[in-house]
There are 2 protein chains.
Amino acid sequence: MMVLDAIDKQIINLLRENGKMNNKEVAGKIGLSVTPTFERIKRLERIGVIQGYTALINRKAIGRDLKVICQVSLKSHEKEGIDVFESAIRELPEVSHAYHVAGATDYMLTIEVANMEVYQDFLKNQLARIPHIGQVNSSFVMSELK
Amino acid sequence: MMVLDAIDKQIINLLRENGKMNNKEVAGKIGLSVTPTFERIKRLERIGVIQGYTALINRKAIGRDLKVICQVSLKSHEKEGIDVFESAIRELPEVSHAYHVAGATDYMLTIEVANMEVYQDFLKNQLARIPHIGQVNSSFVMSELK
DNA sequence: CTTGAAAGCCCTGAGGT
DNA sequence: ACCTCAGGGCTTTCAAG
């Protein structure tokens with residue numbers, strides 16, 4: 001079912017590097033003809049190994065100059081508090097990624113905004129208003145190595 | 001030069017949702033004909049707003065079941081220590097993202113490995129061997145909200 | 001910006017080893 | 001599971017308004 005052979009892995013790596021690489025080129029690189037290549041890619045999509053394709057956007061070009069990693073702890077860890085917090089987070093467009101983690105804090109969020117002023121406003125008027133929020137700790141991204 | 005109008009932003013949003021959406025479909029959704037749509041997309045690629053395209057891969061399907069967010073502080077903050085650390089990190093395939101941050105710690109890494117055993121090995125034999133490493137704090141991702 | 005057109009390439013499925 | 005081949009659609013470019 002979800003068994004991937006070496007060729008499937010090659011395809012995945014190629015499409016990760018360039019999601020728009022066409023069938024013919026993929027076929028050439030893996031040494032198969034277009035039809036089995038096409039069918040393998042379709043299969044990978046169907047079984048959910050390839051979840052989709054996306055354009056990589058330069059965030060500064062769209063006015064999101066500031067990236068912040070924000071660690072949040074909740075005051076209560078009852079199911080209700082967790083559910084309320086998680087659905088609130090899902091609704092906030094400034095939050096680009098959100099993970100529930102086991103460690104020193106409860107959640108790890110990445111947030112992208114135009115500048116510090118907008119971030120401050122986000123903290124005060126969006127994040128701090130979610131019920132059950134405990135501690136919040138912000139780390140500001142200075143450079144992206146990867 | 002890097003001036004984006006409302007139509008460019010629509011295009012960006014469409015291609016973020018589906019990087020393989022074809023020209024004709026993008027054109028239909030933004031209400032232009034194919035020629036200017038094609039030229040706008042090429043321009044966005046040329047000026048670096050669209051940095052590329054990629055396939056989104058289900059990491060569990062490729063045997064990376066464990067995602068860890070790892071905060072690292074350096075012992076010394078001299079340029080040499082920073083350079084050594086950063087180039088070492090860039091070479092580690094387990095590290096999927098790496099940010100130099102201003103906050104409680106110096107670096108924020110996301111690491112993807114098969115399981116806890118492999119992570120422990122990574123910590124001991126890869127990360128801990130980089131010179132100038134100070135504190136390391138791991139948070140294990142239990143669920144991804146976004 | 002629009003329409004229209006032309007060449008070429010690619011996708012996709014049929015049919016066969 | 002692989003291959004070749006062919007029809008039809010899409011991409012890409014250009015010209016003219």
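This structure is a prediction, so every number in the text was calculated from the model and none was measured. Sequence lines set the chain letters: A, B, ... in the order given, protein chains first and strands last, and positions in each chain run from 1.
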* To do: Measure the shortest side-chain to side-chain distance between A:Val95 and A:Phe122 over non-hydrogen atoms and say whether it is less than 4.5 angstrom.
  => yes
* Asked: Given atom CD1 of A:Ile11 and atom C1' of D:dA1, what is their separation to the nearest angstrom?
  -> 13 Å
* How far apart are the C-alpha atoms of A:Arg59 and A:Asp65, what are their side-chain angles, what is the distance that settles it, and do they pass the salt bridge (charged side-chain N to carboxylate O under 4.0 Å, His left out) test? -> CA-CA 7 Å; A:Arg59 73 164 201 279; A:Asp65 287 74; over 6 Å; no
* To do: Report yes if a side-chain nitrogen or oxygen of B:Arg40 is closer than 4.0 Å to either non-bridging phosphate oxygen (OP1 or OP2) of C:dC1; otherwise report no.
  => yes
* Would you confirm whether B:Ser139, through its side chain, and A:Val101, through its main-chain N or O, come within 3.5 Å as a donor-acceptor pair? => no
* Asked: How many angstroms lie between CD1 in A:Ile12 and CZ in A:Arg40, if you round to the nearest 0.5 Å?
  -> 10.5 Å
* To do: Let me have a per-nucleotide readout for nucleotides 8-17 of chain D, 5' to 3', with B, S or -, counting only protein heavy atoms under 4.0 Å.
  => --SSSBB---
* To do: Quick one: sort the B:Phe85 and B:Tyr107 rings into parallel, tilted or perpendicular, breaks at 30° and 60°.
  => tilted
* To do: Take the protein atom NZ of A:Lys20 and the nucleotide atom P of C:dC9, then report the distance between them rounded to whole Å.
  => 19 Å
